[in-house]
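Remember, it's a predicted structure, so these values are computed and weren't measured experimentally. In what follows, chains are A, B, ... by sequence order, proteins preceding strands, each numbered from 1.
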Number of protein chains: 2
Amino acid sequence: MNTCIRVFADSIQISRCREDLKNKEESFLELADVLNLAGNAVRLKILYLLKQENELCPCDLSDILGMTVPAVSQHLKKLKDAGIVTTKKSGQTIFYSVEEQSQRIISSVLDLFKLPNSIPTL
Amino acid sequence: MNTCIRVFADSIQISRCREDLKNKEESFLELADVLNLAGNAVRLKILYLLKQENELCPCDLSDILGMTVPAVSQHLKKLKDAGIVTTKKSGQTIFYSVEEQSQRIISSVLDLFKLPNSIPTL
DNA sequence: TAGTTATTTAAGCAAGTACTTAAATACAAA
DNA sequence: TTTGTATTTAAGTACTTGCTTAAATAACTA
């Protein structure tokens, strides 16, 4: 490890930051997980659609997104494993929707759309 | 492609969703890019630290994060290529900070920390 | 100048991602 | 039961990611 030995390094600042990160480690991991799931165009669209339409089945999503059912299903599995979406069975159809507890964070993530000039290349 | 041929499929809804996605395609890709970059615990911490401390050099970040300088440098390169962070040279030290135009979206992303009970496993 | 420090770049690699096609499962209706 | 539909799971694969170590750049200092 190339430890920083700069003359001007502010060791107080570095210690403070290190301590701060340590206290927030869990939160960083959890937030990064959610952002990582949303940080894929297909999953971001799925979350957007589920929020917008309330509920949709893998078959619908496959049609809307123009991709195979297994591909969609695998994305849904990730979102479900993370507790972000939930399912409701109706006959042989399975409806996916955004999990109650995740509504707020997903809404907040999707609200980032509305920030003008906020995305670098815009 | 296994097209959805469900009896109960709402073809009007599917067409509407497809159209909607088409109009927002660009935004989805751009937002997913930003979320994907923030969706890594190391980069999320870097963004948090840069916002909190205003500016830091790769050497500082290496110390704070407890990882090698090249590893940090490669993360910084990704953030810089995406236009999310910017650099300022001072002697042989290079200070990184959050790009002016990206301040808002990064602040919004980091504000997700503050949502209580919003992260699934919490 | 040579030596030291800060940073980036390159190459290699193990692990993860996102799709594909095929098979398995679950349920409904004839 | 057999057939068909909706969905998931599994296996294979091309691509990407995030680190590692070593080398290359760049700039300060003696």
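With sequence neighbours excluded, the residues forming a salt bridge (charged side-chain N to carboxylate O under 4.0 Å, His left out) with B:Lys24 are B:Asp20, listed by chain and number. Contacts of A:Gln13 classified as side-chain hydrogen bond (donor to acceptor under 3.5 Å, both in side chains), with partners at least two apart in sequence or in another chain: B:Glu53. Applying the side-chain contact (heavy atoms from CB on, under 4.5 Å) test to B:Gln92 and every residue at least two apart in sequence or in another chain returns nothing. Under the salt bridge (charged side-chain N to carboxylate O under 4.0 Å, His left out) criterion, A:Glu25 pairs with B:Lys45, not counting sequence neighbours. Here A:Thr86 pairs with A:Ser97, A:Glu99 under the side-chain contact (heavy atoms from CB on, under 4.5 Å) rule; sequence neighbours left out. For B:Arg18, the salt bridge (charged side-chain N to carboxylate O under 4.0 Å, His left out) criterion is met by no residue, not counting sequence neighbours.
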Under-3.5 Å N/O pairs linking protein and nucleotides 22-30 of chain D:
from	atom 1	to	atom 2	distance (Å)
D:dA27	OP1	B:Lys89	NZ	3.4

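Here the straight-line distance linking atom OG of B:Ser15 with atom CG of B:Asp10 works out to 8.5 Å at 0.5 Å rounding. Atom CG of A:Asp60 sits about 10.5 Å away from atom CG of A:Leu65, to the nearest 0.5 Å.
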Might you work through the side chain to side chain contact (heavy atoms under 4.5 Å, CB included) test for A:Leu35 and B:Leu37, ending with a clear yes or no?
CA-CA 9 Å; A:Leu35 294 176; B:Leu37 285 168; over 6 Å; no
Give the C-alpha distance, both sets of side-chain angles, the deciding distance and a yes or no for side chain to side chain contact (heavy atoms under 4.5 Å, CB included) between A:Leu47 and A:Lys51.
CA-CA 6 Å; A:Leu47 291 172; A:Lys51 192 201 165 199; over 6 Å; no
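Contacts of residues 73-80 of chain B with DNA chain D (heavy atom under 4.0 Å): B:Gln74, B:His75, B:Lys78. Across residues 36-52 of chain B, not one residue has a non-hydrogen atom less than 4.0 Å from an atom of DNA chain C.
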Which atom pairs, one a donor and one an acceptor, fall under 3.5 Å between side chains of residues 77-85 of chain A and the rest of the protein, sequence neighbours left out?
from	atom 1	to	atom 2	distance (Å)
A:Lys77	NZ	A:Asp81	OD2	3.1
A:Lys80	NZ	A:Thr87	OG1	3.1

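Counting only heavy atoms from C-beta on, A:Thr93 has its side chain closest to D:dA6 among C:dC19, D:dA6, D:dT20.
Distance, A:Asp81 CG to D:dT9 P: 9 Å, rounded to whole Å. In this structure, the CD atom of B:Glu55 is 12 Å from the P atom of C:dT7, given to the nearest Å. Rounded to whole Å, atom P of D:dT5 lies 16 Å from atom CG of A:Asp60. For A:Met67 and C:dT21, the CE to P distance is 12 Å, given to the nearest whole Å.
Relative to the axis of its first five pairs, the axis of the last five pairs of the helix from C:dT1-D:dA30 to C:dA30-D:dT1 sits at 10°, rounded to 10 degrees.
Residues B:Leu56 and B:Ile64 are in side-chain contact: their nearest non-hydrogen atoms beyond the backbone lie under 4.5 Å apart.
Counting only residues at least two apart or on different chains, the ring pair (Phe, Tyr, Trp, His ring centres under 6.0 Å) pairs with a member in residues 36-80 of chain B are A:Phe28-B:Tyr48.
For A:Tyr96, a side-chain nitrogen or oxygen approaches OP1 or OP2 of D:dT8 to under 4.0 Å.
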